[in-house]
A.B. asks: 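Here's a structure for you.
Order of listing sets the numbers, starting from 1, for every ligand and every atom in it.
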Amino acid sequence: EPSSLSGLPAGVGEALEAEGVAELYPPQQSAVEAGVLDGESLVAAVPTASGKTLIAELAMLSSIQRGGKALYIVPLRALASEKKTEFERWEDHGVTVGVSTGNYDSDGEWLASRDIIVATSEKVDSLIRNGAPWIDDLTCVVSDEVHLVDDSHRGPTLEVTLAKLRKVNPGLQTVALSATVGNADVIADWLDAELVESEWRPIELRTGVHFGNAINFDDGSQREVPVDRGEDQTAKLVGDALDTEEGGQGGSSLVFVNSRRNAESSARKLTDVTGARLTDGERDRLRDLADEIRGVSDTETSEDLADAVEKGSAFHHAGLASEHRSLVEDAFRDRLIKCISATPTLAAGVNTPARRVIVRDWRRYDGEFGGMKPLDVLEVHQMCGRAGRPGLDPYGEAVLLANDADTREELFERYLWAEAEPVRSKLAAEPALRTHVLATIASGFAATREGLLTFLDNTLYATQTDDEGRLAAVTDTVLEYLEVNGFVERERDGGAESLAATGIGHTVSRLYLDPMSAAEILDGLRTVADGADATPDAEGDAFVPADGADSDADEPGFTTYTRGDAAGTAGEDDGEESEGAAGSDSPAVTPLGLYHLVSRTPDTYELYLKSGDRETYTEVCYERETEFLGDVPSEYEEVRFEDWLAALKTARLLEDWANEVDEDRITERYGVGPGDIRGKVDTAEWLLRAAETLARDVEGIDGDVVVRVREARKRLEYGVREELLDLAGVRNVGRKRARRLYEAGIESRADLREADKAVVLGALRGRERTAERILENAGREDPSLDGVDPDSSASAAAT
Ligand code: ADP
């Protein structure tokens, strides 16, 4: 009985019982026996949805009860707030919870007072670099989804972060939660932890392959689901689950596909199946939900999602806005949405169980691989693990799809009967070590080459490898790079060699930049310093409408702007905007130049070039050549030139955003989702902020450059042209309303305080509540609109 659990804050056992935890699940019981309540380190490798979170909670709560402090590391930002909400139910028992998100470079001092802190591994890494004082007080650290140490981009950060935490704090209890993987024993070995490994699940899971007229399950049973020629396999399986009553309810399905586009088209197709099976009550509620979805943003994705949801079907992928994602997840858990078509991101983390999981695509396009590549066993197992809703379904079903008997056999062998792959460290690669070696030196974890190698001995890589020399060899390459670029100083004194971060090296580490990004940014900014005139115009009012054409309010991005005295690039007939510094041979700092500079650093994921893009961006490259900071690579250097163009595509997206181009247009033009725009903008803002700090810290960079960097960043922050910066900074205004206010003659925050209220109301399309809130946020003494005649506003605005 959980109430017999000892060493927890008062009332926790009873609270668990009230939640329906009558007794511990077997893996949880094993964890307690292994000493998780007594501060023992533990690796729990158990299937999805079998209660790993409670194991972590038992560890954290008992540690806190002994006077300690716990850190819960999540793999994704979206999961951080979800976990925080989950843990906040312990606040009734005196346990405080905080989540650390936001900028990489803040030190998170306020978290010192929290008992449980939730953060991503990148955030924790950054907090260590910035010397967050509470790191030393930690007694328990949980690493959720620890099998992601295998990921070549993010794995090394988790690995090094855990090694640092354990070094700072030798008695630290480390609890690592993992999916079932091939080598959980190696992870346990690395972390000096007990191992709890189990295949146990709270609900039986049947896995099988559908081919022809039936699903063949791995236990030898069959379920008939006939699919006639011309019928869609997925649709039949989704319909079959919905038509099978269990406890008075048909069952929902999760369909996994291999791309965002496929998720969207699958959801659209499945509306026929789900829409035909809704009750009137559900239809009404779904219509409300669809309205809510449309209210999040007025993009095509939003519209498509709402259209599908109205009929009980949804899609889910990383390009969705986070509000959209959570609306879909909640409605699916409430059984209102009957089917979600998702990319594999949904399989990791977010708790959305379904009666039936359908793995429609088991291959996906992989650029490095150069074609369609089969998914990892681990991934497919995690998708399958989403089948079976506790308390609702007698069992869960996970089904893979085959078109012929051979494929059916292959799927059984490859996935259903196979063990998940072993996890392998990706640390011994230059990009990973470049950043972590610098940070390790800068934060004082190592002061010599030997010390560095000893520190790296505490990583999973060292536990796993049989090639001792490799890590040392890559480390030496990286040290040389850091020295050449002035981030690290090496003093060779006889046999001993000492290492120290330079001032700029410290800054780079704290800013959480890849040292290569920092070097690229500094090189780019220095080309300006060398090239004299850093600003297009000393007054900052350099850009004037070429032909007074800013009247096309819906398409402000298509207004052609040019420099007052250099009309060289103005008036192009394709209507593309250009803020170029044509006609001048000295480099001038423009937003496009800065956006390109940060977009070509390794900290930005580039947009892919699609067919036709090469030509398009090559043209842009020549037209706007004077704006780039640094040399444009020759077209004959194929790879470098392609990368340059891909960065230019990203830079153009950012420029469009800062030129007030509609979100919808941007998603269409660049083939991205609205969530991607946000992601690119956030990354660029962060990098420009870092660039500003670097430019200030380093000698020889013109002060005007700093101003230009800040302006370019602010325009991204609000997605507006320069003249709207003041207005857009007022809460609740935003880019579109700012433009409408500006056109009604209200050009600043000060104007808002003085303006005729009827004009304000007219510009805000008669929305009184919004208008009052905006007036209040602008600091107006009397924001009330009582007695203001909205009808008079149209004529007032026209004047
Ligand atoms: P995992 O992290 O392993 O994917 P979760 O921790 O999310 O799984 O657990 C899945 C569900 O099982 C949760 O809704 C949780 O409340 C519930 N649960 C966990 N342990 C127990 C238990 N001992 N008894 C009943 N329900 C439990």
A.B. asks: Starting from atom 13 (C) of ligand 1, which protein heavy atom do you reach first, and at what distance in Å?
C.D. replies: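 Checked against all protein heavy atoms, atom 13 (C) of ligand 1 sits closest to N351 ND2, 4.8 Å.
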A.B. asks: Which protein heavy atom lies closest to atom 6 (O) of ligand 1, and at what distance to 0.1 Å?
C.D. replies: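 Checked against all protein heavy atoms, atom 6 (O) of ligand 1 sits closest to T53 OG1, 2.9 Å.
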A.B. asks: Can you classify the ring geometry of F315 versus H317 as parallel (below 30°), tilted (30 to 60°) or perpendicular (above 60°)?
C.D. replies: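 The rings of F315 and H317 lie parallel, inter-plane angle below 30°.
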A.B. asks: Checking T271 against S313: is there a side-chain donor and acceptor pair closer than 3.5 Å?
C.D. replies: no
A.B. asks: Examine L24 against ligand 1 and note whether any of their N/O atoms are separated by less than 3.5 Å.
C.D. replies: no
A.B. asks: Of the protein's non-hydrogen atoms, which lies at the shortest distance from atom 4 (O) of ligand 1, and what is that distance?
C.D. replies: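 Protein heavy atom at minimum distance: A49 N, 2.7 Å.
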A.B. asks: Check K52 with D144, please: is the shortest side-chain N to carboxylate O separation under 4.0 Å?
C.D. replies: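 No.
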A.B. asks: Identify the residue among R355, R386, R356 that makes a salt bridge (Lys or Arg N to Asp or Glu O under 4.0 Å) with E397.
C.D. replies: R356
A.B. asks: Heavy atoms only: give me the nearest V423-N183 pair and the separation to one decimal.
C.D. replies: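 Closest heavy-atom pair between V423 and N183: N-OD1, 2.7 Å.
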A.B. asks: Counting only non-hydrogen atoms of the protein, does one fall under 4.0 Å from atom 11 (C) of ligand 1?
C.D. replies: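 It does not; no protein heavy atom is within 4.0 Å.
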A.B. asks: Do you see a protein non-hydrogen atom under 4.0 Å from atom 15 (C) of ligand 1?
C.D. replies: no
A.B. asks: What's the shortest distance from atom 27 (C) of ligand 1 to any protein heavy atom, and which residue and atom give it?
C.D. replies: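 Sorting protein heavy atoms by distance from atom 27 (C) of ligand 1 puts Y25 OH, 3.2 Å first.
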A.B. asks: So which bit of E19 gets within less than 4.0 Å of ligand 1, heavy atoms only: side chain, backbone, both or neither?
C.D. replies: neither
A.B. asks: Within the structure, does T48 bring an N/O atom to less than 3.5 angstrom of an N/O atom in ligand 1?
C.D. replies: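 No, since none of the N or O atoms of T48 sits under 3.5 Å from an N or O of ligand 1.
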A.B. asks: Suppose we call two aromatic rings close when their centres sit under 6.0 Å apart. Are H153 and Y605 close by that rule?
C.D. replies: yes
A.B. asks: Which atom names give the shortest non-hydrogen contact between A241 and S253, and what distance separates them?
C.D. replies: CB-OG, 3.8 Å
